[in-house]
Amino acid sequence: MQSIHEYYESIATTYDTSRFGNTYGRYVDWQERQALAARLKDTPPEEVVDLGCGTGRLLDYAMTGVDASAAMLDEARKKRPDRELILASLDTTGLLSERYRAALCFHVFMHLNEAAIAAALQEAARIVCPGGRFIFDIPSHPRRALLRRQASGWHGDQAASLADIARWAGARWRLVSWQGILFFPIHRLPAALRKPLRRCDTWIGKTSLAQWSSYYICELERL
C-alpha cells in the first residue's frame, strides 16, 4: 500500500490546482484563513512555524515551514522563496526550543494515528514558548459517526471529538478555543451556492451546532 509520504510526493506538482483550484477548495481555504487571521492577528509571521506546510499555501502566516515531503517543499519554494523551509518530520524538526510564539498544522493530523499525534504535540510543545499557541484542524468524529463514515484504513481516517482533543493536549497544552468549519455538505451542493454559503457556515461553526461540522479548528495554549 502506498504510504502517505509517497502519496504526497507523487501529487506535489498538481496539489494546489487539484485541491484548492476549485470552488470547494476555495471554500475550505477561505474558512481556514478566516480562523488563522483571527487567532494570529497579533503574532507576526517571523514568530510562527507551519508544521506540515506542504506546498506553502498558508505561509502567509508563518516565516518557517516544515514538511517531510521534499517534492512538496520544492513547490513551496517556487511560491515563497523568502521563507525558511525545512525537510523534517513533525516529531523531530531540529528547530530551537521555545523559538516560536505559535505553530499551525493543517491537513496533517487527519493522516496520523494517536501515537504520531502525541509525538507531534510533544515536539510542538518544545519549540513553542509558554503562553504560545498551536492551531490545527481535525475531522469531527461526531459528524463522521452521524454519517456512519467507514474508515478506509489509509487516507484521512483520523477524527476526534472535543474530549479526544482535550486528552491529546495532555499536561503541556490547554484547549482555549475551537470552531467548526464545513457544516454544509458543500461537495454535494451546486458550485454556484458555495461562495454565498461561506459566511453562514463560519457563523454556524461558532454556535452550539459546531460539533456537527465536518472539521474542527482548535487552538491550544502552551502551558
Side-chain angles (χ1 to χ4, degrees), residues 28-45 47-53 58 61-62 64-66 89-91 93 95 97-147 149 151 156-183 201-223:
V28 175
D29 181 77
W30 186 87
Q31 286 200 289
E32 291 174 345
R33 288 177 182 276
Q34 292 291 305
L36 285 171
R39 289 167 172 82
L40 295 173
K41 62 183 179 180
D42 297 320
T43 309
E47 298 183 5
V48 182
V49 57
D50 184 351
L51 299 174
C53 67
L58 297 176
Y61 304 97
T64 305
V66 177
S89 61
L90 298 194
D91 59 352
T93 64
L95 296 169
S97 297
E98 300 185 4
R99 162 66 178 82
Y100 300 95
R101 286 177 57 195
L104 57 101
C105 187
F106 276 66
H107 299 266
V108 177
F109 280 8
M110 64 191 295
H111 300 308
L112 306 181
N113 59 34
E114 289 205 10
I117 290 172
L121 284 171
Q122 182 176 356
E123 176 69 351
R126 184 185 68 80
I127 64 176
V128 173
C129 64
R133 297 293 194 265
F134 183 71
I135 306 165
F136 68 97
D137 74 327
I138 189 75
S140 159
H141 183 270
R143 173 68 165 257
R144 287 190 171 185
L146 179 68
L147 299 178
R149 180 187 185 275
D157 275 348
Q158 186 63 264
S161 65
L162 293 176
D164 292 328
I165 293 163
R167 175 168 54 82
W168 292 350
R172 304 193 72 182
W173 296 102
R174 177 173 66 95
L175 180 63
V176 292
S177 77
W178 69 279
Q179 70 178 78
I181 65 170
L182 281 174
F183 179 83
D201 196 315
T202 298
W203 177 79
I204 290 173
K206 298 175 183 178
T207 71
S208 59
L209 293 173
Q211 66 171 318
W212 305 111
S213 295
S214 294
Y215 286 80
Y216 299 147
I217 293 178
C218 302
E219 179 183 16
L220 306 181
E221 178 185 17
R222 168 75 160 79
L223 301 177

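Throughout, numbering of the chain's residues begins at 1 and tracks the sequence.
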To the nearest 0.5 angstrom, please state how far the CG atom of Asp157 sits from the CZ atom of Arg144. 6.5 Å
Quick check for you: to the nearest 0.5 Å, what is the distance between Ile181 atom CD1 and Ser213 atom OG? 8.0 Å
For residues Leu51 and Tyr100, determine if any side-chain heavy atom of one lies less than 4.5 Å from a side-chain heavy atom of the other. no
A side-chain contact here means heavy atoms from C-beta on lying under 4.5 Å apart; do Tyr215 and Pro139 qualify? yes
With side chains defined as the heavy atoms from C-beta onward, is the minimum distance between Arg222 and Arg133 less than 4.5 Å? no
Can you list the steps and then say if Ile204 with Trp212 is a side chain to side chain contact (heavy atoms under 4.5 Å, CB included)? CA-CA 10 Å; Ile204 290 173; Trp212 305 111; over 6 Å; no
Any chance you could measure Arg101, atom CZ, to Asp42, atom CG, to the nearest 0.5 Å? 7.5 Å
Do the non-hydrogen side-chain atoms of Glu219 and Val176 ever get within less than 4.5 Å of each other? yes
Might you point out which heavy atoms bring Val48 and Tyr61 nearest each other, and give the distance in Å? CB-O, 3.2 Å
Minimum heavy-atom separation for Ala159 and Ser140, please, with both atom names. CB-C, 4.2 Å
Give the C-alpha distance, both sets of side-chain angles, the deciding distance and a yes or no for side chain to side chain contact (heavy atoms under 4.5 Å, CB included) between Phe136 and Val108. CA-CA 8 Å; Phe136 68 97; Val108 177; over 6 Å; no
For Gln122, is the CD atom crowded, meaning more than 12 foreign heavy atoms sit under 6.0 Å from it? no
Could you check if a side-chain atom of His107 sits within less than 4.5 angstrom of a side-chain atom of Glu32, using non-hydrogen atoms only? yes
Close side-chain approach of Phe106 to Leu36, heavy-atom, < 4.5 Å: yes
Rounded distance [0.5 Å steps], CD in Gln34 versus CD in Gln179: 9.0 Å
Name the residue from Phe109, Trp168, Trp178 that meets the ring pair (Phe, Tyr, Trp, His ring centres under 6.0 Å) definition with Tyr216. Trp178
Between CG of Leu104 and CZ of Arg39, what distance do you get to the nearest 0.5 Å? 12.0 Å
Looking only at heavy atoms, which two atoms of Leu112 and Ala116 are closest? And how far apart? CB-CB, 3.9 Å
pair Leu90-Glu123: side-chain heavy atoms closer than 4.5 Å: no
CA sep, side-chain torsions, deciding dist, call: Gln158, Ile138, side chain to side chain contact (heavy atoms under 4.5 Å, CB included): CA-CA 8 Å; Gln158 186 63 264; Ile138 189 75; 4.0 Å; yes
Say you draw a straight line from CD of Gln31 to CG of Asp201; how long is it, rounded to the nearest 0.5 Å? 4.0 Å
Can you find a pair of side-chain heavy atoms, one from Leu121 and one from Phe134, that are under 4.5 Å apart? yes
